[in-house]
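This report concerns only the one structure given below.
What's counted below: heavy atoms across the whole structure, side chains too, no hydrogens, waters or symmetry copies.
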Amino acid sequence: MQQPSSVTESAAAAPRSQRIGVPREIFPGEKRVATVPEAVAKLVKLGFAVSVESGAGDDATISDDAYRAEGATVVPTAAELWAQSDIVFKVRPPTADEVGLMHEGQTLIGFIWPTQNPALMQQLAERKVTALAIDCLPRTLSRAQKMDALTSMAGVSGYRAVIEAANAFGRFFNGQITAAGKVPPAKVFIAGAGVAGLAAIGTAASLGAIVRANDTRAEVADQVVSLGGEFVKVDYEEEGSGGGGYAKVMSEGFQAAQRAMYAEQAKDADIIITTALIPGKPAPKLITAEMVRSMRPGSVIVDMAAEQGGNCELTEPGQAVVKHGVTIVGYTDLVSRLAKQSSTLYSNNLLRLTEELCKTKDGTINVNFDDDAIRGLTVLKDGELTWPAPPPKLPAVAPKPKAAAVAPAPKGHGHGAGEPMSVRGLATTFGLGALVFLLVGLYAPATFLSHFTVFVLACFVGYMVVWNVTPSLHTPLMSVTNAISSIIAIGALVQVAPPLDAAGSANRPNALILGLAVFALVLTAVNMFGGFAVTRRMLAMFRK
């Protein structure tokens with residue numbers, strides 16, 4: 001009778017798998033959901049139980065049955081879901097009513113924005129919960145990129161901004177020549193080349209528009225060009241890179257020069273997309289009312305910073321308005337307008353974060369402060385404020401090994417790397433070479449002398465014509481093999497068509513030598529032309 005009791009006690013001692021809850025977002029206009037069915041299946045494999053509020057995925061065209069098919073439990077009410085969940089996945093920060101449904105020991109994962117929401121932080125602390133703000137993830141850590149929801153959402157919003165601009169614009173993006181007339185390509189100017197800006201550049205360029213872009217960080221110029229845009233530089237020297245991959249607030253001198261450049265671009269552009277935003281601060285005003293008036297009627301401005309006040313002075317957050325003949329789009333829900341795609345990307349970010357929290361794959365998370373990524377995004381631990389996090393620890397740099405001391409070569413005896421040959425060394429080399437040629441001319445047979453002369457000339461021509469070609473035109477290995485191939489080609493050609501003798505007749509080689517010469521020519525041609533063909537294909541891989 002003791003065995004059942006023992007089994008019961010061991011089962012009770014085993015840790016219970018934690019339950020992840022996914023409530024329906026109640027923020028006005030929010031259509032995203034924190035987890036999609038594909039991610040649910042992977043969370044279940046990690047050992048978690050998953051509950052989803054009924055209708056949570058409706059706005060993202062995801063049915064309750066799709067969640068059930070992947071192993072999730074569909075809960076009818078939000079109150080029931082919050083009560084039974086150990087971990088809650090959210091998109092938007094919780095409202096006061098949602099915080100009231102939380103219980104001690106619960107873990108909240110989602111966007112929180114602690115700087116902008118001090119009251120929310122206080123409410124969460126009173127509930128003694130653990131809060132992981134996905135917006136506080138240290139973006140400078142390369143291993144954190146798979147969890148970086150800010151980047152994935154910015155890419156979606158940049159794409160959608162171009163789609164909204166195309167919808168409001170009265171013409172094609174790409175230029176066309178038709179029987180009905182010529183249509184010029186649209187001119188798009190993008191202010192800010194961060195993640196959202198680069199996504200907008202790539203989308204607009206793929207639609208055929210002429211794209212120009214500007215950013216305070218000079219290092220993004222190559223990225224703009226690689227996506228098919230033109231980088232417009234401000235005529236003012238100042239470094240604009242800030243911490244965490246963001247731009248910094250620039251000096252008044254730079255801002256004045258930037259406004260002058262924007263004024264010129266506004267007169268020429270058909271579409272302006274602004275993306276400038278610094279976390280925790282109001283959006284900088286880049287496009288003035290005067291610039292809007294200077295734009296052609298029918299032009300479009302898409303202000304992606306509308307939620308933080310907007311980059312345009314005339315932006316009305318959440319609205320698309322027409323002022324001075326220019327349509328100004330100030331939508332604050334660009335990401336939600338692609339709800340299915342953005343929900344998929346966001347759920348993948350949370351899934352990767354969960355994998356880092358649950359290394360043991362036993363259905364329980366461990367908020368490990370030794371992990372810089374986890375420490376950075378943890379803003380509350382069991383009700384205690386842990387934000388802001390200390391800077392991530394930099395990896396120790398191994399000291400460089402000391403180079404072995406090289407004894408200097410004695411003067412007049414040889415030369416080091418990169419040093420010209422001394423006069424004595426040069427004279428000695430030429431003297432030995434002349435002696436070898438004299439001995440060959442005096443004692444070698446006439447047939448050998450002709451072949452030797454051809455060999456020397458082939459070496460000289462091969463070196464001068466091919467070896468001296470700049471290696472950047474093809475790989476260094478090819479420059480060597482082509483030099484050798486040229487020597488073989490010249491020697492084989494001489495054997496196939498030997499020079500005339502004094503009597504005016506050619507000494508035809510026997511069949512074996514002729515066959516070898518022709519075979520050498522064939523192999524050399526394959527090597528040389530094939531090498532250049534392969535190099536051309538390699539270079540084409542790096543062209544857009």
Task: Derivation of the side chain to side chain contact (heavy atoms under 4.5 Å, CB included) call for N174 and L207 - done: CA-CA 6 Å; N174 63 322; L207 291 176; over 6 Å; no

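- Judged by distance alone, with hydrogens and angles left aside, the side-chain atoms of T77 form a donor-acceptor pair with the main-chain N or O of E80 at under 3.5 Å.
- Here the CE-CD1 distance, from M304 to I190, works out to 9.5 Å after rounding to the nearest 0.5 Å.
- Environment of CZ in F231: crowded, with over 12 heavy atoms of neighbouring residues, nucleotides or ligands closer than 6.0 Å.
- No donor-acceptor pair under 3.5 Å is formed between the side chain of K381 and the backbone N or O of A131.
- At least one test fails for R212 against the ring of F189: distance under 6.0 Å to the centre or angle within 45° of the axis.
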- [ ] Run the numbers on T364 and D362 for side chain to side chain donor-acceptor pair (under 3.5 Å), then give the verdict.
- [x] CA-CA 6 Å; T364 57; D362 58 355; 2.9 Å; yes

- [ ] Please assess D65 against S63 for the test side chain to side chain donor-acceptor pair (under 3.5 Å), listing each intermediate value before the final yes or no.
- [x] CA-CA 5 Å; D65 290 337; S63 66; 5.2 Å; no

Task: Stepwise side chain to side chain contact (heavy atoms under 4.5 Å, CB included) check, T73 with R19 - done: CA-CA 10 Å; T73 301; R19 179 171 293 274; 4.0 Å; yes

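- Side-chain atoms of D215 come within 3.5 Å of backbone atoms of A193 as a donor-acceptor pair (strictly under, hydrogens ignored).
- Counting only heavy atoms from C-beta outward, the side chains of L120 and P94 approach each other to under 4.5 Å.
- Around NZ of K31, the count of heavy atoms belonging to other residues, nucleotides or ligands within 6.0 Å does not exceed 12.
- Side-chain atoms of Y67 do not come within 3.5 Å of backbone N or O of E53 as any donor-acceptor pair.
- Between the side chain of D135 and the backbone N or O of I112 there is at least one donor-acceptor pair closer than 3.5 Å.
- The shortest heavy-atom contact between L334 and S157 is CD1-O, 4.1 Å.
- Residues V302 and T274 are not in side-chain contact: their nearest non-hydrogen atoms beyond the backbone lie 4.5 Å or more apart.
- For Q106 (side chain) and H103 (main-chain N/O), a donor-acceptor pair under 3.5 Å exists by modelled atom type.
- Checking T151 against D148 by side-chain atom types alone, a donor-acceptor pair falls below 3.5 Å.
- Here the shortest heavy-atom pairing between A205 and G228 reads CB-O, 4.2 Å.
- Other residues, nucleotides and ligands contribute only 12 or fewer heavy atoms inside 6.0 Å of the OH atom of Y159.
- When all heavy atoms of P114 and V379 are compared, the pair lying nearest together is CG-CG1, 4.0 Å.
- Both cation-pi conditions hold for R337 and Y331: the charged atom is under 6.0 angstrom from the six-membered ring centre and inside a 45 degree cone around its axis.
- In this structure, A72 and V52 approach most closely via the heavy-atom pair CB-CG2, 4.1 Å.
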- [ ] Start with the C-alpha gap between K42 and E38, add the side-chain angles, then the distance that decides, and say whether salt bridge (Lys or Arg N to Asp or Glu O under 4.0 Å) holds.
- [x] CA-CA 7 Å; K42 296 175 182 177; E38 295 81 3; over 6 Å; no

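- At a threshold of 4.5 Å between non-hydrogen side-chain atoms, the residues L353 and L377 count as touching.
- Heavy atoms from other residues, nucleotides or ligands lying under 6.0 Å from NZ of K128 number 12 at most.
- In this structure, H324 NE2 and M291 CE are separated by 13.5 Å, a value rounded to the nearest 0.5 Å.
- The closest side-chain donor-acceptor pair between D270 and S299, if any, does not fall under 3.5 angstrom.
- No donor-acceptor pair under 3.5 Å is formed between the side chain of S342 and the backbone N or O of S336.
- Between Y346 and F111, the ring planes are parallel. Angles under 30° get that label, and only those over 60° would be called perpendicular.
- The backbone N or O of R92 lies less than 3.5 Å from a partner atom in the side chain of E25, making a donor-acceptor pair.
- K361 places none of its side-chain heavy atoms less than 4.5 Å from the side chain of E355.
- Once rounded to the nearest 0.5 Å, the distance linking CG of L345 with CE of M153 reads 5.0 Å.
- The minimum heavy-atom distance between S85 and G21, with the atom names listed, is OG-CA, 3.2 Å.
- Residues E307 and D333 are not in side-chain contact: their nearest non-hydrogen atoms beyond the backbone lie 4.5 Å or more apart.
- With contacts defined as side-chain heavy-atom distances shorter than 4.5 Å, the pair L137/L150 does not qualify.
- Listed for the T386 side chain is a donor-acceptor partner under 3.5 Å among the backbone atoms of T378.
- The residue from L314, I273, V326 that alone fulfils the side chain to side chain contact (heavy atoms under 4.5 Å, CB included) condition with I301 is V326.
- Separation of atoms CG (N311) and CG (L286) is listed at 4.5 Å; rounding is to 0.5 Å.
- R352 and E356 are not joined by a salt bridge, as no carboxylate oxygen comes within less than 4.0 angstrom of a charged side-chain nitrogen.
- Closest approach of L277 to A283, counting heavy atoms only: CD1-CB, 3.8 Å.
- The side-chain heavy atoms of V33 and K340, taken from C-beta on, include no pair separated by under 4.5 Å.
- We find that K323 and E316 are joined by a salt bridge, their nearest charged nitrogen and carboxylate oxygen being less than 4.0 Å apart.
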Open item on the list: Y262 vs T288, test: side chain to side chain contact (heavy atoms under 4.5 Å, CB included). Steps then yes/no.
Closed with: CA-CA 9 Å; Y262 283 162; T288 63; over 6 Å; no

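- Between the side chain of E30 and the backbone N or O of R32 there is at least one donor-acceptor pair closer than 3.5 Å.
- When the shell of 6.0 Å around NZ of K146 is examined, it contains more than 12 heavy atoms from other residues, nucleotides or ligands.
- Note: L46 CG to Q18 CD = 12.0 Å, rounded to the nearest 0.5 Å.
- Atom CD of residue Q145 and atom CE of residue M147 lie 10.0 Å apart, to the nearest 0.5 angstrom.
- Taking the side chain as every heavy atom from C-beta outward, N366 and K359 never approach each other to under 4.5 Å.
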TODO: Give the C-alpha distance, both sets of side-chain angles, the deciding distance and a yes or no for side chain to side chain contact (heavy atoms under 4.5 Å, CB included) between L380 and L385.
DONE: CA-CA 5 Å; L380 286 170; L385 183 66; 4.1 Å; yes

TODO: Test side chain to side chain donor-acceptor pair (under 3.5 Å) on S51 and Q84 and set out the steps.
DONE: CA-CA 9 Å; S51 295; Q84 67 178 227; 2.8 Å; yes

